[in-house]
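Heads up: the structure comes next, in C-alpha cells.
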Amino acid sequence: MPDFLAHSVFGEMLMAAPQVQPAIPGERELAPWRWGLQGPDPFFFRTSTSPAGGMMHRGAPEGMFQTMAARLALLQGPVRDTAAAWLHGFLGHYILDRTVHPYVLARQEELAPLLPGASGNACHYQVETDMDADLCLHFHHQPVSAFRPGREMTLEPWQKETIAGMLAAGAAAKGATVPVLEGIKALESTAMTQQIIFRGGKPALAAARGLELLMGKNRQFTSHMKGRRPGWDSLNLGHAPWTDPRDGSTRTQSVPELLQAALAEALPLMEALSRQLAGEEPGGLALGGVDFSGFFQR
C-alpha cells in the first residue's frame, strides 16, 4: 500500500478541489480529515488491533462503508462533523490504496533479488518507504527528513474517541471486535511511531537493526525508516514498464500519474458520500467490489 506521506500528499491534492471542501467545514475538522487519510492503517501499530487492520483492507468494502456511515448517522453536532471529515479522508485512503497498490506489488517483485535474505514483507515496506522519500522531494521540494508527520494532526480527546468508534464500526463490519479504548491507543501508537520513523535519525535506525538481529527479521524494521534518498526511480518518473499483477498487462504510469488517476476517481465519490451523509442520496457508494489492494472481490 502507499505509506503515510503518500496519503498525506494525496490529501493535499484532494483539499484543493471544491468537491472536498463541504467535508471540512472548519479548522477543527482538519485533523480528523488527515487521520482519515491514513485509513485503517493505525490498527497496524498495535498488536491487539493489527488483525483488524488486515481484515479491513481485504474484501469488498461497500458493507464496511455502509456500516461506518450508519454509525455516523447516529451522531450530532461537532462529533458528527469530526466523523464526517474522517470518513471522507478514509475514502481518500481507500481510493489511493486501490490505485497504487498494484504498482507497489510490481516493484516489490523487482526489488526482491536486490535485497537477498529480506524477511516477511520487508521488500514491500521498502518500496513504500522509498516512494515516500521521493514523493516528498517531488511534491514538497524537500528531503523526507524535513517532513513533520504530526503536523496539524493533533486531536482533542473527544475526537480521538469519535474516530476510534468509527474505526471500531469498520472493523465490526469485517467481523473483528475492537474496543474503542484500543482504537484510541492505536491512534496514539501511530503518532508516536511515525515520529520515530521520520524523525528518529541514526539512533532509531540503529535500534531497528538491533531488533532485527535479535528477532532474526532481516530488514523487517529498517525498511520502514525514512531519511535516506532511494537509489532507484521509485516513482517511475522514467516510465519504465511494470507488470500489473491483476491481469499481467504491461503499464508505464508513474506514481504522480497514478495519484492523478486516483484523484479523478475520488472526487465524484467524495461528492456522493457527502450527499449520502446529508440524506440526499439513498444507498451506498458504488465502489465496484474492489478491495484496498485493487483486486475485484466477488
Hey, does the side chain of [X] reach the backbone of [Y] with a donor-acceptor pair shorter than 3.5 angstrom?
X      : Y      : value
Glu182 : Ser48  : no
Arg228 : Lys226 : no
Thr252 : His239 : no
Trp35  : Met153 : yes
His57  : Gly53  : yes
Glu257 : Ser254 : yes
Arg251 : Thr243 : no

Are [Y] and [X] linked, directly or through intermediate hydrophobic residues, by side-chain heavy-atom contacts shorter than 4.5 Å (ILVMFWY only)?
X      : Y      : value
Ile184 : Met68  : no
Phe44  : Met55  : no
Leu237 : Met13  : yes
Met15  : Leu259 : yes
Leu75  : Leu273 : no

Which value, rounded to the nearest 0.5 Å, describes the distance between [X] atom [atom1] and [Y] atom [atom2]?
X      : Y      : atom1 : atom2 : result
Gln142 : Leu137 : CD    : CG    : 9.0 Å
Ile197 : Phe4   : CD1   : CZ    : 9.5 Å
Ser234 : Leu135 : OG    : CG    : 7.0 Å
His224 : Arg219 : NE2   : CZ    : 13.0 Å
Asp3   : Gln126 : CG    : CD    : 10.5 Å
Leu269 : Gln19  : CG    : CD    : 11.0 Å

What are the two closest heavy atoms between [X] and [Y], and how far apart are they?
X      : Y      : answer
Pro40  : Leu167 : CA-CD2, 4.2 Å
Ala204 : Ile196 : CB-CG2, 3.8 Å
Ala106 : Trp242 : CB-CE3, 3.8 Å
Pro241 : Thr250 : CB-CG2, 3.6 Å
Asp291 : Gly59  : CB-O, 3.2 Å
Leu155 : Ala31  : CD2-CB, 3.8 Å

Using salt bridge (charged side-chain N to carboxylate O under 4.0 Å, His left out) as the criterion, list what pairs up with Arg28, not counting sequence neighbours.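 Result, salt bridge (charged side-chain N to carboxylate O under 4.0 Å, His left out) vs Arg28: none returned.
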Sequence neighbours excluded, the answer for salt bridge (charged side-chain N to carboxylate O under 4.0 Å, His left out) partners of Arg229 is Asp134
Under 3.5 Å, is there a donor on one side chain and an acceptor on the other for His7 and Gln38? no
Quick one about Glu29 and His88 (side-chain donor to acceptor, distance below 3.5 Å, no hydrogens or angles considered), yes or no?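 No donor-acceptor contact under 3.5 Å links the two side chains.
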Mind checking whether [X] and [Y] have side chains closer than 4.5 Å, heavy atoms only?
X      : Y      : answer
Ser8   : Leu37  : no
Phe10  : Pro2   : no
Phe292 : Met56  : no
Asp132 : Phe147 : no
His101 : His124 : yes
Lys160 : Glu188 : yes
Phe295 : Leu105 : yes
Phe65  : Glu62  : no

Neighbour count above 12 (heavy atom, 6.0 Å) for Glu161 CD: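 Open: at most 12 neighbouring heavy atoms sit under 6.0 Å from CD of Glu161.
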For atom CD of Glu280, decide whether the heavy atoms of other residues, nucleotides or ligands shown that lie under 6.0 angstrom number more than 12. yes
Begin from the C-alpha positions of Phe90 and Met166 and carry the test side chain to side chain contact (heavy atoms under 4.5 Å, CB included) through to its verdict. CA-CA 10 Å; Phe90 190 98; Met166 293 292 288; over 6 Å; no
Show the numbers, then the answer: is there a side chain to side chain contact (heavy atoms under 4.5 Å, CB included) between His138 and Val255? CA-CA 11 Å; His138 187 78; Val255 172; over 6 Å; no
In plain terms, say whether Arg107 and Asp130 are close enough for a salt bridge, that is, a side-chain N and a carboxylate O under 4.0 Å apart.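 Salt bridge between Arg107 and Asp130, a charged N being under 4.0 Å from a carboxylate O: no.
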Decide side-chain hydrogen bond (donor to acceptor under 3.5 Å, both in side chains) for Thr82 and Gln159; before the verdict, give the C-alpha distance in whole Å, the side-chain angles of both, and the deciding distance to 0.1 Å. CA-CA 7 Å; Thr82 281; Gln159 289 180 308; 3.2 Å; yes
Using the rule given for side-chain hydrogen bond (donor to acceptor under 3.5 Å, both in side chains), can you reason through Gln108 versus Glu128, listing the C-alpha separation, both sets of side-chain angles and the distance that settles it, and then say yes or no? CA-CA 9 Å; Gln108 167 190 330; Glu128 296 175 336; over 6 Å; no
Derivation and outcome, side chain to side chain contact (heavy atoms under 4.5 Å, CB included), residues Val9 and His140: CA-CA 9 Å; Val9 165; His140 294 162; 4.2 Å; yes
Between Leu285 and Leu91, does the side chain to side chain contact (heavy atoms under 4.5 Å, CB included) criterion hold? Intermediate values first, please. CA-CA 10 Å; Leu285 296 173; Leu91 176 60; 4.0 Å; yes
Counterpart residues, side-chain hydrogen bond (donor to acceptor under 3.5 Å, both in side chains), relative to Asp81 (two or more places apart): none
